[in-house]
Amino acid sequence: MQKYVVRNIDRPAQDIVDQYAELDTSTLYEAQGKIGLMSSSLKPIQQNRKICGPAVTVICPAGDNLMIHAAIEVCKPGDVLVITTLGDSEHGMIGELIVRALMKRGVQGVVMAAGIRDAAQLRELCFPVWTQAVHSQGTTKNRGGWVNAPAVCGGALVAPGDLIMADDDGVVVVKKGDLLSSLEASRLRLQKEEGTKEKIARGELSLDFYGLRETLAREHVVYYENESELPG
């Protein structure tokens, strides 16, 4: 297959990205029908950070970061770099120097199904990264791959320009064609949650307002007033 770099991609309108930035990954994942969530193996290297922006995708051979260097050139402010490898890799595919270059381009953060190094320096730079490994093992820079090709990262398919949101709860992808519908579904979910919070504040029980007592009965769950009533 031809290896390539696509310099220009379609990105979501900034006002749409800004509206998504007010959400969180759990709300978004649930609202769009429990799809788009990346593997829990991708962990943030620092807490209380969130990124939300269009994906620039990178596919590298395992242990080689040549295409990450190629991707730096095509990144624009607000982008999220999504990196995956052909074959499993825990190599330190990016470190402080690459991150400094990404920051210079205005990249928000990195999501990668591989490893990083210089974790302490990246935290000092306050640069958000979600990764599956922190490992000092170095890389080569002599094998081609792809920039801005459809890529599978953390089990989720990501096309260039898809919206990526990542926070303490994980990473979720929204397809470009679903941006408006997923945003509306997320708003409706938040409205519903506000109503649930009001019920909790009034002292109502989730067993009642979710109708779960019927489920307990269907599952033959028996209530006893005291431990002494338990059989045998």
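The shown structure was predicted, so the numbers you read here are calculated from the model rather than taken from an experiment.
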Legend entry - Qualifying residues under side chain to side chain donor-acceptor pair (under 3.5 Å), relative to Thr84, sequence neighbours excluded: none
Legend entry - Exam field: side chain Thr140 to backbone Asn65, donor-acceptor pair closer than 3.5 Å: no
Inset, instruction - Using modelled atom types only, decide if a donor and an acceptor are shared between the side chain of Thr27 and the backbone of Leu23 within a distance under 3.5 Å. - result: no
Legend entry - Residue list, salt bridge (charged side-chain N to carboxylate O under 4.0 Å, His left out) with Glu219, at least two apart or on another chain: none
Inset, instruction - Quick one: which residue pairs count as a salt bridge (charged side-chain N to carboxylate O under 4.0 Å, His left out) with a foot in residues 78-93, not counting sequence neighbours? - result: Arg11-Asp79
Legend entry - Ile45 backbone acceptor or donor facing Arg123 side chain under 3.5 Å: yes
Inset, instruction - Would you list the pairs meeting salt bridge (charged side-chain N to carboxylate O under 4.0 Å, His left out) in which at least one residue belongs to residues 60-74, sequence neighbours left out? - result: Arg7-Glu73
Inset, instruction - Given side chain to side chain contact (heavy atoms under 4.5 Å, CB included), test Ile200 with Phe209 step by step and report yes or no. - result: CA-CA 9 Å; Ile200 292 172; Phe209 59 71; 4.0 Å; yes
Inset, instruction - Could you tell me which non-hydrogen atom of Val17 sits nearest to which non-hydrogen atom of Gly53, and how far apart they are? - result: CG1-CA, 4.2 Å
Inset, instruction - Check the pair Thr85 / His91 against side chain to side chain contact (heavy atoms under 4.5 Å, CB included), numbers first and verdict last. - result: CA-CA 10 Å; Thr85 60; His91 296 75; over 6 Å; no
Legend entry - ILVMFWY cluster, Met112 and Ile59 together (side-chain gap under 4.5 Å): yes
Legend entry - Separation of Ser182 OG from Tyr20 OH (nearest 0.5 Å): 4.5 Å
Inset, instruction - Taking all non-hydrogen atoms of both residues into account, name the closest pair between Cys75 and Leu81 and its distance. - result: SG-CD1, 3.9 Å
Inset, instruction - Using the rule that two of Ile, Leu, Val, Met, Phe, Trp, Tyr join whenever any of their side-chain heavy atoms come within less than 4.5 Å, decide whether Val56 and Val129 are in one cluster. - result: yes
Legend entry - Over all atoms of both residues, closest heavy-atom pair of Arg143 and Ala62: NH1-O, 3.9 Å
Inset, instruction - If you link ILVMFWY side chains whenever their heavy atoms are less than 4.5 Å apart, which other residues fall into the same cluster as Leu188? By chain and number, please. - result: none
Inset, instruction - Identify the heavy atoms of Asn148 and Val6 that sit nearest to each other, and give their distance. - result: ND2-O, 2.8 Å
Inset, instruction - Verify the cluster assignment for Leu97 and Val58: are they in a single hydrophobic cluster under the rule of side-chain heavy atoms below 4.5 Å apart? - result: no
Inset, instruction - Name all residues meeting the side chain to side chain donor-acceptor pair (under 3.5 Å) criterion together with Lys104; count only those two or more places apart in sequence or in a different chain, and write none if there are none. - result: none
Legend entry - Heavy-atom side-chain contact between Val111 and Cys153 under 4.5 Å: yes
Legend entry - Between CD1 on residue Ile68 and CG on residue Leu102, distance to nearest 0.5 Å: 8.5 Å
Inset, instruction - Could you list the residues that satisfy side chain to side chain donor-acceptor pair (under 3.5 Å) with Glu96, not counting sequence neighbours? - result: Arg100
Legend entry - Shared hydrophobic cluster, Val107 / Leu122 (ILVMFWY, side-chain heavy atoms < 4.5 Å): yes
Pairs of donor and acceptor atoms involving the side chains of residues 159-172, under 3.5 Å and at least two apart or interchain, shall be tabulated with distances.
| from | atom 1 | to | atom 2 | distance (Å) |
| --- | --- | --- | --- | --- |
| Asp162 | OD1 | Lys176 | N | 3.1 |
| Asp162 | OD2 | Ala159 | N | 2.8 |
| Asp162 | OD2 | Lys175 | NZ | 3.2 |
| Asp167 | OD1 | Thr25 | OG1 | 2.7 |
| Asp167 | OD1 | Asp169 | N | 2.9 |
| Asp167 | OD2 | Thr25 | N | 3.1 |
| Asp167 | OD2 | Thr25 | OG1 | 3.4 |
| Asp168 | OD1 | Asn48 | N | 3.0 |
| Asp168 | OD2 | Asn48 | N | 3.1 |
| Asp169 | OD2 | Ser26 | OG | 3.2 |

Legend entry - Lys/Arg-Asp/Glu bridge criterion (N-O < 4.0 Å) met for Glu214, Arg218: no
Inset, instruction - Only pairs at least two apart or in different chains count here, so list each salt bridge (charged side-chain N to carboxylate O under 4.0 Å, His left out) that has a residue in residues 198-212. - result: Arg202-Glu204, Asp208-Arg213
Inset, instruction - Give a yes or no on whether the backbone of Ala149 and the side-chain of Tyr4 come within a donor-acceptor separation of less than 3.5 Å. - result: no
Inset, instruction - Step through the shown structure and confirm whether more than 12 heavy atoms of other residues, nucleotides or ligands are within 6.0 Å of OH on Tyr210. - result: no
Legend entry - Steps toward side chain to side chain contact (heavy atoms under 4.5 Å, CB included) verdict (Ile94, Thr131): CA-CA 10 Å; Ile94 68 168; Thr131 182; over 6 Å; no
Legend entry - Within-4.5 Å side-chain heavy-atom neighbours: Pro150 and Thr57: no
Inset, instruction - Check side chain to side chain contact (heavy atoms under 4.5 Å, CB included) between Ser41 and all other residues, then give those that pass, not counting sequence neighbours. - result: Ser39, Gln132
Legend entry - Heavy-atom pair with the smallest gap, counting every atom of Cys60 and Met67: SG-CB, 3.9 Å
Legend entry - More than 12 heavy atoms from other groups under 6.0 Å of NZ on Lys141: yes
Inset, instruction - Applying side chain to side chain contact (heavy atoms under 4.5 Å, CB included), run through Trp146 and Leu86 and close with a yes or a no. - result: CA-CA 11 Å; Trp146 296 264; Leu86 298 175; 3.6 Å; yes
Legend entry - Gap between atom CG of Leu37 and atom CG of Leu42 - 0.5 Å precision: 10.0 Å
Legend entry - Heavy-atom side-chain contact between Thr139 and Ser89 under 4.5 Å: no
Legend entry - Closest heavy-atom pair and its distance - Ile51, Trp130: CD1-CZ3, 3.5 Å
For residues 224-232, which side-chain donor-acceptor pairs fall under 3.5 Å, sequence neighbours excluded?
| from | atom 1 | to | atom 2 | distance (Å) |
| --- | --- | --- | --- | --- |
| Glu229 | OE1 | Glu225 | N | 3.1 |

Legend entry - Cluster link Val110 to Leu125, ILVMFWY, side chain under 4.5 Å: yes
Inset, instruction - Any pair with a residue in residues 25-50 that passes salt bridge (charged side-chain N to carboxylate O under 4.0 Å, His left out), sequence neighbours left out, goes on the list, sorted by first then second residue, please. - result: Glu30-Lys34
